[in-house]
Amino acid sequence: MIRKAVIEDIKDIMEIIGLTIAEMRSYSNTQWDENYPREKNFLDDIKEGNLFVIERERTLVGFMCINKVAPVEYNGLNWSLNEDTMVIHRMAVNPDYRRMGIGSELMKFADEFALSNNIRYLKTDTYSINTKMNCLFKKCGYNIIGEMNFLGKEKPFYCYEKLLNKDCIL
């Protein structure tokens, strides 16, 4: 089940963040660390109604933020369309629940959520060495359109887009 996150979810969300950061470090991925993302990012997402969680048997196993806020670093990239878009941010699945289709389910939810808000264009990004997210985006029909420097990281972030067709959702 996917639902809007509530303040009471913050402990579980931050636990997933800790597990995800530890896993990322195991393959030298520094995309997330003690500086980002922070609890405040998620509290703001919840307050703005942009954070969604996915549960399995009443256990919070993943989350994603989806809104209309694109990083300024997206400016100047060669996006296919110049129209309203939704952007996926801060997505993670508890490592103990990976390879069960949860990430794909969250991505499908993003498609449906965008269309339900009359948006047919999605954007997102991830660190170039985050092989798991790069694979998920490609699997879910996203096309890489370029790269940007972001968050002061050493390597670039790959930027992705997806044009939705109301008749054909992932």
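- Remark: Ile144 pairs with Tyr158, Tyr160 by the side-chain contact (heavy atoms from CB on, under 4.5 Å) rule, at least two apart or across chains.
- When side chains are defined from C-beta on, Leu122 counts as touching Ile66, because their heavy atoms get closer than 4.5 Å.
- Annotation for Ile88 and Ala110: closest pair CD1-CB, 3.7 Å, computed over non-hydrogen atoms.
- Applying the salt bridge (charged side-chain N to carboxylate O under 4.0 Å, His left out) criterion to Asp84, with sequence neighbours excluded, gives no partner residue.
- Partners of Thr126 according to the side-chain hydrogen bond (donor to acceptor under 3.5 Å, both in side chains) rule, which considers only residues two or more places apart in sequence or in another chain, are Gln31, Asn130.
- Looking at Asp33, its side chain does come within 3.5 Å of a backbone N or O of Asn35 through a donor-acceptor pair.
- Judged as a salt bridge (charged side-chain N to carboxylate O under 4.0 Å, His left out), and not counting sequence neighbours, Lys47 has no contacts.
- The two residues Ala114 and Leu164 make their nearest non-hydrogen contact at CB-CD1, 3.8 Å.
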Show me the donor-acceptor pairs, under 3.5 Å and distance only, between side chains in residues 18-25 and residues at least two apart or in other chains.
from, atom 1, to, atom 2, distance (Å)
Thr20, OG1, Ile16, O, 2.8
Glu23, OE1, Arg98, NH1, 2.6
Glu23, OE1, Arg98, NH2, 3.1
Glu23, OE2, Arg98, NH1, 3.0
Glu23, OE2, Lys132, NZ, 2.4
Arg25, NH2, Glu34, OE1, 3.0

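- Within the structure, ring pair (Phe, Tyr, Trp, His ring centres under 6.0 Å) pairs that include any residue of residues 86-105 do not occur (at least two apart or interchain).
- Residue Lys68 comes nearest to Thr85 through the heavy atom pair CG-O, 3.6 Å, listed as atom of the first residue, atom of the second, then distance.
- When side chains are defined from C-beta on, Leu106 counts as touching Val93, because their heavy atoms get closer than 4.5 Å.
- Here the CG atom belonging to Asn67 is positioned 7.5 Å from the CD atom belonging to Glu48, to the nearest 0.5 angstrom.
- Residues Val69 and Met64 fall into different hydrophobic clusters, defined by Ile, Leu, Val, Met, Phe, Trp and Tyr side chains chained together at heavy-atom separations under 4.5 Å.
- Listed by first and then second residue, the salt bridge (Lys or Arg N to Asp or Glu O under 4.0 Å) pairs involving residues 143-152 amount to none (not counting sequence neighbours).
- Under a 3.5 Å cut-off, the side chain of Asp44 and the backbone N or O of Asn41 do not form any donor-acceptor pair.
- Neither Val72 nor Val87 shares a network with the other; the hydrophobic side chains, linked directly or stepwise wherever heavy atoms of I, L, V, M, F, W or Y lie under 4.5 Å apart, form separate groups for each.
- Across every non-hydrogen atom of Lys162 and Cys140, the tightest pair is NZ-O, 2.7 Å.
- Under the side-chain contact (heavy atoms from CB on, under 4.5 Å) criterion, Ile129 pairs with Asn29, Tyr127, Lys155, sequence neighbours left out.
- Between the CG atom of Asn50 and the SG atom of Cys65 there is a distance of 5.0 Å, given to the nearest 0.5 Å.
- Pairing each heavy atom of Glu105 with each of Ile2, the nearest pair is O-CD1, 3.9 Å.
- Sorted by first then second residue, the salt bridge (Lys or Arg N to Asp or Glu O under 4.0 Å) pairs that include residues 86-96, not counting sequence neighbours, are Asp45-Arg90.
- Rounded to the nearest 0.5 Å, atoms CD (Glu161) and CG (Asp125) are 13.0 Å apart.
- Of the inter-residue distances, the one linking Trp32 atom CH2 with Ile17 atom CD1 reads 4.0 Å to the nearest 0.5 angstrom.
- Note on ring orientation: taking the six-membered ring where Trp is involved, the planes of Phe113 and Phe109 are parallel (angle under 30°, cut-offs 30° and 60°).
- Between Trp79 and Tyr121, the ring planes lie perpendicular to each other; the angle is over 60°, past the 30° to 60° tilted range.
- For the atom pair NZ of Lys123 and CD1 of Ile145, the computed distance is 7.5 Å after rounding to the nearest 0.5 Å.
- Residues meeting the salt bridge (charged side-chain N to carboxylate O under 4.0 Å, His left out) test with Glu83, sequence neighbours left out: Arg120.
- Residues Leu136 and Met91 have side chains in contact (heavy-atom distance under 4.5 Å, counting atoms from C-beta outward).
- Across Ser104 and Lys139, no two heavy atoms sit closer than the pair OG-NZ, 3.0 Å.
- Residues forming a side-chain contact (heavy atoms from CB on, under 4.5 Å) with Asn149 (at least two apart in sequence, or on another chain): Pro156.
- A heavy-atom distance below 4.5 Å is found between the side chains of Met107 and Tyr142.
- Considering only residues two or more places apart in sequence or on other chains, Arg3 meets the side-chain contact (heavy atoms from CB on, under 4.5 Å) condition with Met1, Val6, Asp9, Val53, Glu55.
- Annotation: Asn75, atom CG; neighbour count of heavy atoms from other residues, nucleotides and ligands within 6.0 Å is above 12.
- Note that the OH atom of Tyr36 and the OG1 atom of Thr30 stand 13.5 Å from one another [nearest 0.5 Å].
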